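Down below is the structure, laid out as C-alpha cells.
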Amino acid sequence: MEAATNWTETPRPTFSELVSAFVTIGVLSFGGPAAQIGLMHRVVVDEKRWISEERFLHALNYCMLLPGPEAQQLATYIGWLLHGVRGGMVAGLLFVLPGLAVIVGLSTAYALYQETTWLAGLFFGLKAAVLAIVVEAVIRIGRRALKNRFHRLVALVAFLSLFMFSVPFPLVVLIAGLAGFLVARAGPAVPASITEALMSEERRMPGGGFLSGRSLLVLLFWVAVWQAPLLLLSTGVLGGAFSAVFAFFSKMALVTFGGAYAVLAYVAQVAVETHHWLNPGEMLDGLALAETTPGPLVLVLSFVGFLAGYRDPGAVGAVPGGVFGALLTAWATFVPSFIWIFAGAPHIERLRGNRLLTGALSAITAAVVGVILNLAVWFALHVLFAEVRRFVLWPGFRANGLDGAPGAFSVSISLPDVTTLDPAAFAISLLSAILIFRFGFGIGRVLLVAAALGLALRFFIS
C-alpha cells in the first residue's frame with residue numbers, strides 16, 4: 001500500500017500542470033495501448049504521484065470493460081479524478097489530438113502521392129524503442145497487480161486465451177471478473193486498513209455523491225453532443241459519403257471491445273466491399289500509418305474516413321472532404337469515451353470499497369496484465385522480424401464462412417521466421433532497454449536517442 005500512503009502526502013496538481021503532463025503523454029504515446037497505459041502509469045503514479053496505484057488500477061479495470069479506445073478512456077478518467085469534467089475533457093482530448101493531426105497529415109500525403117515508404121525510415125527507431133517501453137510496462141504493472149497465485153494464474157490464462165485460443169476479448173474480461181467475484185465471495189473480507197486508505201483517498205478526489213437523475217442528464221447531454229453532426233448532415237447540403245461515414249463509425253464506437261484489432265477486419269470488409277471507400281490492401285497502409293504515430297491505434301479509422309471523404313467529397317473539394325471525413329470519423333469514435341467516463345465513473349468510484357467488486361476488478365486487472373503481455377509479444381514479433389506466420393492448429397468455429405480464416409476459439413500460434421531477424425531493430429531495442437532498466441532514462445529521452453539512431457542507420461544502409 002505504499003502508493004496509497006504516499007498519495008496522502010502529495011498535493012493535487014494545478015490545472016496547468018495537468019495540461020502540461022497530458023501534452024507530453026499525447027505526443028509520446030507511441031506503441032499502442034500497452035505502451036500508452038505504461039506511459040500514463042509512469043507519469044501519474046510513479047513520477048508525479050498524483051493518484052495511487054489502487055486508484056489507477058481501479059480506473060483501468062473500468063475502462064477495459066468499455067467499448068472504444070481504453071487508453072483514451074483511462075486518460076479521461078484520470079483527468080476527471082484530478083480536475084473534474086474539464087480535467088477529463090482536456091486529458092482525453094490531448095491524448096488524441098496530436099496523433100489525429102499527424103494521421104490527417106499523413107493521410108493527405110498518402111491520398112495525393114500514394115507513397116508511405118519514407119515512413120519506415122522516419123519511425124524505424126521509434127518502433128524499436130517502443131518495444132522496450134512495452135516490456136517495461138508489462139513488468140512494472142505486473143509486479144504490482146499480480147499479488148498472489150490466483151492473480152498470476154488469471155494473467156496466464158488471459159494471455160494464452162488471446163495468444164493461442166482466439167477467445168473474444170470481452171469474454172476473457174467477463175470470465176476473469178466472475179472468477180474474481182467468486183474467489184472474493186469465498187474468501188475473507190478486505191482488511192480494514194485497505195478500506196480506510198481507499199476511503200481517505202476518495203475524500204480528497206471528486207467522484208462521490210452523484211444521483212441517478214444527474215447521471216441520466218449527463219448521459220443524455222453527451223449523447224446529444226456525440227450525435228450533433230447529424231444536424232448538419234441531415235440537411236443534405238454537403239452530400240458525398242459523410243452521412244454514411246458518420247453512421248457507420250457511430251455504430252463501430254459501440255462495439256469496439258478489445259481494441260482496434262478486434263474491429264479492423266470488419267471495418268476493412270465493409271469499407272472495401274460495401275461502400276468502396278478503400279481499395280484492397282489500403283487498410284494495411286492505414287494501419288502502418290497509425291502504428292507509427294502517437295495516440296490510439298484506432299486512429300486508423302480516421303484514415304478510412306479521410307479516403308471516404310476524399311473520394312466522395314460531395315459539395316466540398318477532395319482534400320477538404322478528406323479532412324472533414326477524418327474529423328467526422330474521429331468525432332464518432334472518441335466522443336463516446338467521454339460519455340462512459342462522465343456518466344459512469346462517479347458510480348464506479350462510489351463502489352471502490354465493496355469487497356466483491358474489488359475482488360472482481362482485481363481479477364480483471366490480472367487479466368489486463370495478460371492482455372498487455374499478448375500485445376507486447378505481438379509487437380515484438382512484428383518489430384524484430386520481417387516475417388511472422390500464424391499456424392492454425394484447429395480452425396475453431398467460423399461465423400463468416402471464410403475458408404482458411406480462423407474462427408472464434410481456434411487454436412493457433414504466431415511464430416517468426418528467425419532468418420528474417422532485423423539486427424538494427426534488435427540493437428536499438430536492446431539499447432533502449434538498457435537505457436530504461438539500467439540507467440533509468442525517461443520515455444522522451446529514450447525515444448529521441450532511438451529515433452536518431454534509426455534515422456542514422458537507415459541513412460547509412462540506403
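Here the structure is a predicted model, which is why all the values come from computation and not from measurement. Sequential numbering from 1 along the given sequence is applied to the chain's residues. Computation of the quantities below employed the complete heavy-atom set of this structure, encompassing side-chain atoms and omitting hydrogens, waters and symmetry-equivalent molecules.
- A heavy-atom distance below 4.5 Å is not found between the side chains of Phe342 and Leu219.
- Closest approach of Trp340 to Pro67, counting heavy atoms only: NE1-O, 3.5 Å.
- The aromatic rings of Trp277 and Phe248 lie perpendicular to each other, with more than 60° between the two planes, well past the 30° mark.
- Residues Glu53 and Val45 approach most closely at OE1-CG1, 3.7 Å, considering heavy atoms.
- The pair Glu17-Lys48 fails the salt-bridge criterion, with no side-chain N (NZ, NE, NH1 or NH2) lying under 4.0 Å from an Asp/Glu carboxylate O.
- Panel note: side chain Gln36, backbone Ser29; a donor-acceptor pair is recorded below 3.5 Å.
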Is there a side-chain contact (heavy atoms from CB on, under 4.5 Å) between Leu97 and Phe334? Walk through the geometry before answering.
CA-CA 11 Å; Leu97 289 179; Phe334 293 109; over 6 Å; no
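- Remark: the backbone N or O of Ala128 is paired with a side-chain donor or acceptor of Ser429 at under 3.5 angstrom.
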Pair up each side-chain donor or acceptor in residues 221-234 with any protein partner under 3.5 Å, not counting sequence neighbours, and list the distances.
{"residue": "Trp226", "atom": "NE1", "partner": "Ala332", "partner atom": "O", "Å": "3.0"}
{"residue": "Ser234", "atom": "OG", "partner": "Leu230", "partner atom": "O", "Å": "2.8"}
{"residue": "Ser234", "atom": "OG", "partner": "Leu231", "partner atom": "O", "Å": "3.4"}

Between Thr329 and Val304, is the side-chain contact (heavy atoms from CB on, under 4.5 Å) condition met? List the steps.
CA-CA 8 Å; Thr329 301; Val304 177; over 6 Å; no
Step-by-step side-chain contact (heavy atoms from CB on, under 4.5 Å) determination, Leu112 to Tyr310:
CA-CA 10 Å; Leu112 293 175; Tyr310 180 84; 3.6 Å; yes
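- At a threshold of 4.5 Å between non-hydrogen side-chain atoms, the residues Pro296 and Phe95 count as touching.
- A donor-acceptor pair under 3.5 Å is absent between the side-chain atoms of Gln72 and the main chain of Ser337, judged by distance alone.
- Looking at every heavy atom in both residues, Thr108 comes nearest to Val319 through CG2-CG1, 4.2 Å.
- Looking at Asn61, its side chain does come within 3.5 Å of a backbone N or O of Leu57 through a donor-acceptor pair.
- Taking Glu387 as the reference, Arg389 meet the salt bridge (charged side-chain N to carboxylate O under 4.0 Å, His left out) condition, with sequence neighbours excluded.
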Working note: Asp422 + Leu384, criterion side-chain contact (heavy atoms from CB on, under 4.5 Å); need CA distance, chi angles, decisive distance, verdict.
CA-CA 5 Å; Asp422 189 331; Leu384 298 179; 6.0 Å; no
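- Residues passing the side chain to side chain contact (heavy atoms under 4.5 Å, CB included) test with Val19 are Phe15, Val23, Val90, Leu94, sequence neighbours excluded.
- Rounding to the nearest 0.5 Å places CE of Met40 at 4.5 Å from CG of Leu74.
- Looking at Ile37 and Phe56, their side chains come closer than 4.5 Å, going by heavy atoms from C-beta outward.
- The closest side-chain heavy-atom distance from Leu162 to Val167 is not below 4.5 Å.
- If you take OG1 on Thr333 and CE on Met252, they are separated by 10.0 Å, rounding to the nearest 0.5 Å.
- Scored by the ring pair (Phe, Tyr, Trp, His ring centres under 6.0 Å) test, Phe22 finds no partners at all (sequence neighbours excluded).
- Checking side-chain atoms of Thr24 against main-chain N and O of Ser20 turns up a donor-acceptor pair under 3.5 Å.
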Pair Tyr110-Phe303, ring-ring contact (aromatic ring centres under 6.0 Å, His included): steps then yes or no
CA-CA 10 Å; Tyr110 179 87; Phe303 171 80; 5.3 Å; yes
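- Taking Val377 as the reference, Phe159, Phe163, Leu373, Leu381 meet the side chain to side chain contact (heavy atoms under 4.5 Å, CB included) condition, with sequence neighbours excluded.
- Looking at Val245 and Phe249, their side chains come closer than 4.5 Å, going by heavy atoms from C-beta outward.
- With sequence neighbours left out, the side chain to side chain contact (heavy atoms under 4.5 Å, CB included) criterion links Ile436 to Arg42, Ala132, Ile133, Glu136, Val446.
- Using a 4.5 Å heavy-atom cutoff, the side chains of Arg55 and Ser52 are in contact.
- Counting only heavy atoms from C-beta outward, the side chains of Ile413 and Arg390 never approach each other to under 4.5 Å.
- Atoms NE2 and CD1, from His151 and Ile364 in turn, are 10.5 Å apart once rounded to the nearest 0.5 Å.
- In this structure, the side chain of His83 engages the main chain of Pro13 through a donor-acceptor pair within 3.5 Å.
- Nearest heavy atoms, Ser432 versus Ala450: OG-CB, 4.1 Å.
- Checking side-chain atoms of Thr274 against main-chain N and O of Ala271 turns up no donor-acceptor pair under 3.5 Å.
- A donor-acceptor contact closer than 3.5 angstrom is absent between the side chains of Tyr77 and Glu70.
- Residues Val388 and Ser414 share a closest heavy-atom pair of CG1-CB, 4.0 Å.
- Distance check, rounded to the nearest 0.5 Å: CG of Asn374 to CE of Met164 gives 11.5 Å.
- Side chain of His58 to main chain of Ile348: a donor-acceptor pair is present (N/O by atom type, distance under 3.5 Å, no hydrogens or angles).
- Pro294 and Leu299 get closest at one heavy-atom pair: O-CD1, 3.7 Å.
- Rounded to the nearest 0.5 Å, atoms CG (Leu278) and CG (Leu307) are 5.0 Å apart.
- For Arg12 (side chain) and Trp50 (main-chain N/O), no donor-acceptor pair under 3.5 Å exists by modelled atom type.
- Trp331 contributes atom CH2, which lies 12.0 Å from atom CG of Leu100 (distance to the nearest 0.5 angstrom).
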